[in-house]
Amino acid sequence: MEDGEKREWGAKAWTYLSSVRSQSPLIQCITNFVSMDLTANTLLSAGASPAMLHSPNESPDFTPQVNALYINVGTLSDNWLPAMELAAQLASKLNKPWVLDPVAAGASCFRLKACLDLISLKPTVIRGNASEIIALARASFASTKGVDSSHDSTDAVEAAKSLANSSGAVVAVSGAVDFVTDGNRIVGARNGVPMMQKITATGCAVTALIAAFVAIDPSHAVEATASALAVFGVAGELGMETARGPASLRTHLIDSLHGLDQTAVISGVKITAI
Ligand SMILES: Nc1ncnc2c1ncn2[C@@H]1O[C@H](COP(=O)(O)OP(=O)(O)O)[C@@H](O)[C@H]1O
Ligand SMILES: Cc1ncsc1CCOP(=O)(O)O
Ligand SMILES: [Mg+2]
């Protein structure tokens, strides 16, 4: 990895994290029951302000106030979908960034269709694991294992490019390497530790962090998305130094994210153009 490029990305990621801390963007999260706690705590420890408000009766008042919207279909049910669609429509109309996590997109017809309908409402960023991104790019069931991926992130790079081109969104595929693309350029972030997969909702939490970073700089969604993924990964690496397993890593990851300083971010972030 070229040292100058690595340091430049590290400095960029630090600027985003510092701005999240100083501006504390308000993030509306319509997310699944499993992830609510980790997602809110991740946003708080990064310096953002999470609000888990999902009623369609509130979105007309609340969505105009937020800096970004985060939608996650993890525990999707019939009555939540219209709430997601309404909030996404409002965000798009108001030119506010919104970010989609298509959890288990290939697991059922209902879920796949819901995700594709949400994507037609123009998310700024879509972040999923490899199986989810492949299912969306093909608009069909892919071999998937519920919320977990049965592919490596490298298997989904072409699917991510194709989804970015068809949707107009920046697309991120997470995994051992996190890839981010606008359909044209691709950047890779090589941070994180495998044990992050053993904590439920780390994917959901990092997608919320992407929303906070994109709230700071919506017109550079590739940079903001790659930075959020790398910063979360660095927090995981530092957390792993003292963790004894997934449960303590969860705690230590949040602590590390809260405590990250400039040196840790600039020296730790491993982002490169692919
Ligand atoms: N093998 C790995 N090595 C390092 N980090 C990983 C690995 N797998 C996943 N991660 C990290 O864990 C987080 C969740 O990603 P992932 O498990 O792919 O999402 P999901 O939980 O939605 O399936 C991301 O920050 C990602 O970078
Ligand atoms: C286990 C589970 N079931 C429905 S949503 C969810 C959480 C998924 O979280 P992540 O995609 O971050 O692993
Ligand atoms: Mg997920």
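We're numbering straight along the sequence, starting at 1. Read the numbers this way: they start at 1 and go in the same order the structure lists the ligands and their atoms.
Leu26 and Ile216 fall into different hydrophobic clusters, where Ile, Leu, Val, Met, Phe, Trp and Tyr residues are linked whenever their side-chain heavy atoms come under 4.5 Å apart, directly or through other members. By the rule that hydrophobic residues join a cluster once side-chain heavy atoms approach within less than 4.5 Å of another member, Leu43 and Phe33 end up as members of separate clusters. A continuous path of ILVMFWY side-chain contacts below 4.5 Å connects Trp98 to Leu136, so both sit in one hydrophobic cluster. Residues Leu229 and Leu253 share a hydrophobic cluster, clusters being chains of Ile/Leu/Val/Met/Phe/Trp/Tyr side chains in contact below 4.5 Å.
Near Gly192, with a cut-off below 4.0 Å to any heavy atom, the atoms of ligand 1 are 4 (C), 5 (N). Proximity to Gly203 (heavy-atom distance under 4.0 Å) selects the following atoms of ligand 2: 12 (O). Close approach of ligand 1 to Asn191 is summarised as follows: ligand atoms under 4.0 Å from at least one heavy atom of the residue are 4 (C), 5 (N).
The shell of residues lying under 4.0 angstrom from ligand 1, judged by heavy atoms, excludes Leu229. Not close to ligand 1: Thr207, with no non-hydrogen atom less than 4.0 angstrom away. Residue-ligand proximity: Ser35 is placed with every non-hydrogen atom at 4.0 Å or more from ligand 2. Every heavy atom of Ser149 sits 4.0 Å or more from the atoms of ligand 1.
Residue contacts with ligand 1 for Lys145 are absent, since no atom lies close enough (heavy atoms, distance under 4.0 Å). Residue contacts with ligand 1, taken as heavy atom pairs separated by less than 4.0 Å, do not involve Asp101 at all. Contacts of Asp148 with ligand 1, taken as heavy-atom pairs under 4.0 Å, are absent altogether. Counting heavy atoms under 4.0 Å from ligand 2, residue Asp101 does not touch it at all.
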Can you give each donor-acceptor pair under 3.5 Å made by side-chain atoms of residues 201-210, sequence neighbours left out, with the distance rounded to 0.1 Å?
unit_1	atom_1	unit_2	atom_2	d
Thr202	OG1	Met196	O	2.8
Thr202	OG1	Ile199	O	3.4
Thr207	OG1	Asp101	OD2	2.8
Thr207	OG1	Arg127	NE	2.8
Thr207	OG1	Arg127	NH2	3.3
Thr207	OG1	Gly203	O	2.9

Please output the side-chain donor-acceptor pairs of residues 163-170 that fall under 3.5 Å, not counting sequence neighbours, one pair per line with the distance.
unit_1	atom_1	unit_2	atom_2	d
Asn165	ND2	Lys161	O	3.2
Asn165	ND2	Gly183	O	3.4
Ser166	OG	Ser162	O	3.2
Ser166	OG	Leu163	O	3.2
Ser167	OG	Leu163	O	2.6
Ser167	OG	Ala169	N	3.0

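Note on Glu132 versus Arg138: no salt bridge recorded, every NZ/NE/NH1/NH2 to OD/OE distance being 4.0 Å or above.
Taking the six-membered ring for Trp and thresholds of 30 and 60 degrees, His54 and Trp80 have nearly parallel ring planes, at less than 30 degrees apart.
Of all protein heavy atoms, the one lying nearest to atom 4 (C) of ligand 2 is Gly74 O, 3.4 Å. In terms of protein heavy-atom proximity, atom 6 (C) of ligand 2 is nearest to Val34 CG2, 3.8 Å. The closest protein non-hydrogen atom to atom 13 (O) of ligand 2 is Ala201 N, 3.7 Å. Nearest to atom 7 (C) of ligand 2 among the protein's heavy atoms is Thr200 OG1, 3.7 Å. The protein atom (non-hydrogen) at minimum distance from atom 11 (O) of ligand 2 is Cys204 SG, 3.9 Å.
Of the N or O atoms in Thr202, none lie within a sub-3.5 Å distance of an N or O in ligand 1. On a distance-only criterion, Asn129 and ligand 1 share at least one N/O pair closer than 3.5 Å.
Side-chain contact annotation: Ser77 with Asn79, donor-acceptor N/O pair under 3.5 Å present.
Distances from atom 2 (C) of ligand 2 to the heavy atoms of Asn32, Val73, Val147 show the closest one on Val147.
To the nearest 0.5 angstrom, Met84 atom CE is 9.5 Å from Tyr70 atom OH.
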